[in-house]
Amino acid sequence: MSFTLATWNINSVRLREPIVQKLLMEEAPDVLCLQECKSPVEKIPMEGFAALGYTHMIARGQKGYNGVAILSRLPMKEVTSFDFAALGHARHIAGQLENGVTIHNFYVPAGGDVPDRDVNEKFGQKLDYLTDMRDHFFAEKPGKSILVGDLNIAPREDDVWSHKQLLKVVSHTPVEVEALAQVQDAANWVDITRQDIPEGQLYSWWSYRAKDWNAADKGRRLDHVWATPDISNAGHASRILRDARGWEKPSDHAPVFATFDL
DNA sequence: ATGGTCGATACTCGA
């Protein structure tokens, strides 16, 4: 059995309902993981998604901020929801497909502007969240699992438009890159996007503040698809749908895709 | 070095 999965920070699922439907119609992933839904679960416009075949949804929501959801046209049951760093935020949900594969959908805290936990509480929360992720996956050592989401860190030099200019910018600082590496190492997660596309600049986010995001191309790869080693060889066909960044009323993130043959 | 743009909410915060 083969299924295609996409992850997309949607920055308001209600405002973006038309382009979520566009993605479902044009790209038809079997599973779509959304972050920053910015909506209580009961206000997610799921009728339109169900009409397109996405009749299964699991979600965590809150008013105004955060929020994660998994839309699926394959049967899926909810398995867990973590509150790492005890923030009380809707930043994680996990579901399991009938083939036994577990899908973790994360929205890691962005971390504020200043990369110093002594002066910026949000940066400390981001590091604490990553520590709790690491400790959980080290203790659990999951199998047959996929981890996706907006991890808010661009780990590689070629995951940002300028490694040198972003070294002190939250999302690419050495302390964050190290913390993310520890999460990855905790369960030997394989970066499927980079397994498929090992060379070259690769971005999934472009700021709204650029005059012309496409021409400036000052992007970062903040959105990730990882898999446990027992299924990593099944992952292929990774791509980032850059076009979606230019759609009507776009999110500042583009969807990241991967296909798994299991 | 600075400011630039979004979205939700309610006159500000988070990204």
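Hydrogens, waters and symmetry mates play no part in the numbers below; they use all other heavy atoms, side chains included. Chain letters run A, B, ... following the sequence lines, proteins first, then strands; residues in each count from 1.
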How close or far is atom [atom2] of [N] from atom [atom1] of [X], stated in whole angstroms?
X       : N       : atom1 : atom2 : answer
R245(A) : dT5(B)  : CZ    : P     : 13 Å
L87(A)  : dG14(B) : CG    : C1'   : 14 Å
Q62(A)  : dA8(B)  : CD    : C1'   : 12 Å
N11(A)  : dC13(B) : CG    : C1'   : 14 Å
E121(A) : dA15(B) : CD    : P     : 12 Å
K211(A) : dT2(B)  : NZ    : C1'   : 12 Å
N120(A) : dA15(B) : CG    : P     : 10 Å
F123(A) : dA15(B) : CZ    : P     : 13 Å

For nucleotides [N] and [M], find the distance between their [atom1] atoms and express it as a whole number of Å.
N       : M       : atom1 : answer
dA15(B) : dG3(B)  : C1'   : 15 Å
dG4(B)  : dA10(B) : C1'   : 24 Å
dT9(B)  : dC13(B) : C1'   : 9 Å
dA1(B)  : dG7(B)  : C1'   : 27 Å

Toward the 5' end of DNA chain B, which comes first, G64(A) or S207(A), by nearest nucleotide?
-> S207(A)
More 5' along DNA chain B: H253(A) or K63(A), using each one's nearest nucleotide?
->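 Per heavy-atom nearest nucleotide, the more 5' residue is K63(A).
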How would you label the contact of [X] with the nucleic acid (heavy atoms, under 4.0 Å): base, sugar-phosphate, or nothing?
X       : result
K249(A) : sugar-phosphate
K122(A) : sugar-phosphate
R91(A)  : sugar-phosphate

Look at the side chain of K141(A) and the backbone N and O of A186(A), then say whether any donor-acceptor pair between them is shorter than 3.5 Å.
->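 Between the backbone of A186(A) and the side chain of K141(A) there is a qualifying donor-acceptor contact (under 3.5 Å).
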May I ask you to verify if any side-chain N or O of R16(A) is less than 4.0 angstrom from the OP1 or OP2 atom of dG7(B)?
->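 R16(A) to dG7(B) OP1/OP2: side-chain N or O found under 4.0 Å.
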Those residues that, when tested against E178(A), pass salt bridge (charged side-chain N to carboxylate O under 4.0 Å, His left out) (two or more places apart) =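 If we apply the salt bridge (charged side-chain N to carboxylate O under 4.0 Å, His left out) test to E178(A), skipping adjacent residues, there are no hits.
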For the pair E36(A) and R16(A), evaluate salt bridge (charged side-chain N to carboxylate O under 4.0 Å, His left out) and give the outcome as yes or no after the intermediate values.
-> CA-CA 11 Å; E36(A) 271 207 279; R16(A) 251 38 109 186; over 6 Å; no
Note: D243(A)-K22(A) ion pair, threshold 4.0 Å (strictly below) =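 Looking at K22(A) together with D243(A), the answer is no, because their closest N to O distance does not fall below 4.0 Å.
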Taking atom types as they are modelled, is there a donor-acceptor pair under 3.5 Å from the base of dA8(B) to the side chain of R14(A)?
->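 Result: no qualifying N/O pair found.
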Quick check, are the ring centers of Y129(A) and H89(A) under 6.0 angstrom apart?
->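 Not under 6.0 Å, so no.
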